[in-house]
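Shown next, in structure tokens, is the structure this report addresses.
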Amino acid sequence: MTTVDAPVSHLRENPFEIAREQLRRVAKVFAIDPNLVNVLQECKKAVSVSIPVAMDDGTTQVFQGHRVTHNVARGPSKGGIRYHQDVTLDEVKSLAMWMTWKCALSGIPFGGAKGGVVCNPKTMSEGELQRMTRRFTSEIINEIGPEKDIPAPDVGTDGRVMAWIFDTYSMNKGHSVLGVVTGKPLTIGGSLGREEATARGALYCVREAVRKKQISLQGASAAVQGFGNVGSFLARFLAEDGANVIAISDSTAGLHNPKGIDVQAAFAHKRETGTLAGFRGAEAITNEELLLVDCDVLAPCALEQVITTDNAAQVKAKIVVEGANGPVTPSADEILEDKGILVLPDILANAGGVVVSYFEWVQGLQEYFWKEAEVNAKLNDIITRAFNETWSTMESRGVSMRLAAYGLAVRRVAEATTTRGIYP
Ligand code: GLU
């Protein structure tokens, strides 16, 4: 018998409708020309492909894949590729749009894109994943490229997958093309600090936020949902900064200990066994319960739409830092705002990944690689500046951090579009 994928999608609302609605709200508050909104609420290009893969059991399965470019007014499009069973075209479109805003808010010269393949990578062998990745890359080979559209890791993909994309693209071109993809392993032109970058950017945001709120991270309690690339490093960084990490979770298990969890040990356990399940020194909780634990900092670092109208009123954290893209639905956002919870929005809080992707792209184009300290210092500059610009916009306009961040970002993309003019 084959394993049956999770029958219920984590997406309860249409994410692209959410993203478009957010844009329209921002446009109203920031008086963006409705003609530009007409342009910005659509994706420039969406390519859907079928990906036949020879499976280990001798069957051939056909997976669906998408690569969407939302906007290129400020530069080539940039964004990850997601491997997950719940991927839909509308989800990829919303994630592509959010990438446009994320790059604009950070001031890096990229537009937004995203890709996704409907599959469950956890049930696939390395060989199946490699064949699927190489075929997907071949199917979108005319869409991607260092001056055009540059993929990166996202949920369910990692450096290994990026290496296959890099190799497939390069083999077809006849030479190594370092700038075609970021998040590559260090051995083939990755950047120092890229793996930890998303979490590090989120940490820099939390540091600024606690400073503004006049609370200390030393001894503050934190709960982190998701123990993948973002959550696992963020939990570690928060602990290193003196925070008491009282809850962590991955897709298989949740752990809670009000006295604090040994994050290093949990990290080692996950590396060894591939799961948090079976880790001792904490009580088991569900992923839903984790969101509601009493803590100062709550970091949803897994998937979209985990804080909704169903649970937002029960969130007890003082600060919510969105390590994931879109973890709070717009109606839940209003509830959190009414409760006086400071939400550090995704396009700011998780921008560290794409910022260091930008550094990796630059290093690849120049074939000149930087020290890790240099990468982290430059990342800190960009994130801290974006945070402070967002904070002052929030104060001067009397809006939420999210609206301020989106306002700044959308305005920059709108200005670039106006400056270039609509072709022809
Ligand atoms: N997938 C990450 C994100 O959502 C990184 C994208 C990139 O580095 O291009 O921001």
Side-chain angles (χ1 to χ4, degrees), residues 15 19 66-72 74-84 87 91-117 121 143-146 148-159 161-162 165-166 178-185 189-191 193-202 204-205 226 228-231 233-234 300-304 321-327 344-364 375 378-379 382-383 386 405 409:
H66 311 286
R67 184 72 189 170
V68 174
T69 295
H70 171 251
N71 187 281
V72 293
R74 301 181 60 265
S77 54
K78 187 84 191 77
I81 291 178
R82 172 172 296 205
Y83 286 175
H84 195 273
V87 163
E91 182 196 35
V92 179
K93 283 182 169 181
S94 64
L95 292 163
M97 187 187 281
W98 288 330
M99 285 308 302
T100 302
W101 312 143
K102 201 183 291 186
C103 295
L105 182 65
S106 299
I108 57 174
F110 288 135
K114 205 77 167 199
V117 177
E143 314 306 325
I144 60 176
K148 215 176 177 180
D149 178 25
I150 306 122
D154 196 78
V155 174
T157 56
D158 53 16
V161 173
M162 298 309 115
I165 297 176
F166 162 72
L178 285 179
V180 69
V181 69
T182 59
K184 299 183 292 299
S191 173
R194 174 61 185 87
E195 208 185 350
E196 305 87 349
T198 312
R200 213 179 279 284
Y204 295 154
C205 284
N229 171 267
V230 187
F233 283 114
L234 183 57
C301 299
L303 290 168
E304 306 99 305
V321 51
E322 295 188 330
N325 291 309
L344 306 179
D346 45 10
I347 62 165
L348 172 67
N350 70 36
V354 74
V355 169
V356 178
S357 273
Y358 166 53
F359 298 161
E360 179 177 333
W361 179 72
V362 169
Q363 293 170 79
V375 169
K378 286 190 161 83
L379 172 64
I382 290 183
I383 296 294

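Atoms within a ligand are numbered from 1 in the order they appear, just like the ligands themselves.
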N71 side-chain N/O to G111 backbone N/O, donor-acceptor pair under 3.5 Å: no

A side-chain contact here means heavy atoms from C-beta on lying under 4.5 Å apart; do V87 and H66 qualify? yes

V117: partners by side-chain contact (heavy atoms from CB on, under 4.5 Å), with sequence neighbours left out: I51, F63, Y83, C119, M132, F136

Heavy-atom contacts under 4.0 Å to ligand 1, chain-then-number order, include exactly K78, G79, G80, M99, K102, K114, A152, P153, D154, R194, N325, G353, V354, S357

Any luck finding a side-chain donor-acceptor pair between D158 and N229 under 3.5 Å? no

Are S357 and R194 close enough that a side-chain donor and a side-chain acceptor fall under 3.5 Å? yes

Taking the side chain as C-beta and beyond, is there a heavy-atom pair between H84 and D154 under 4.5 Å? no

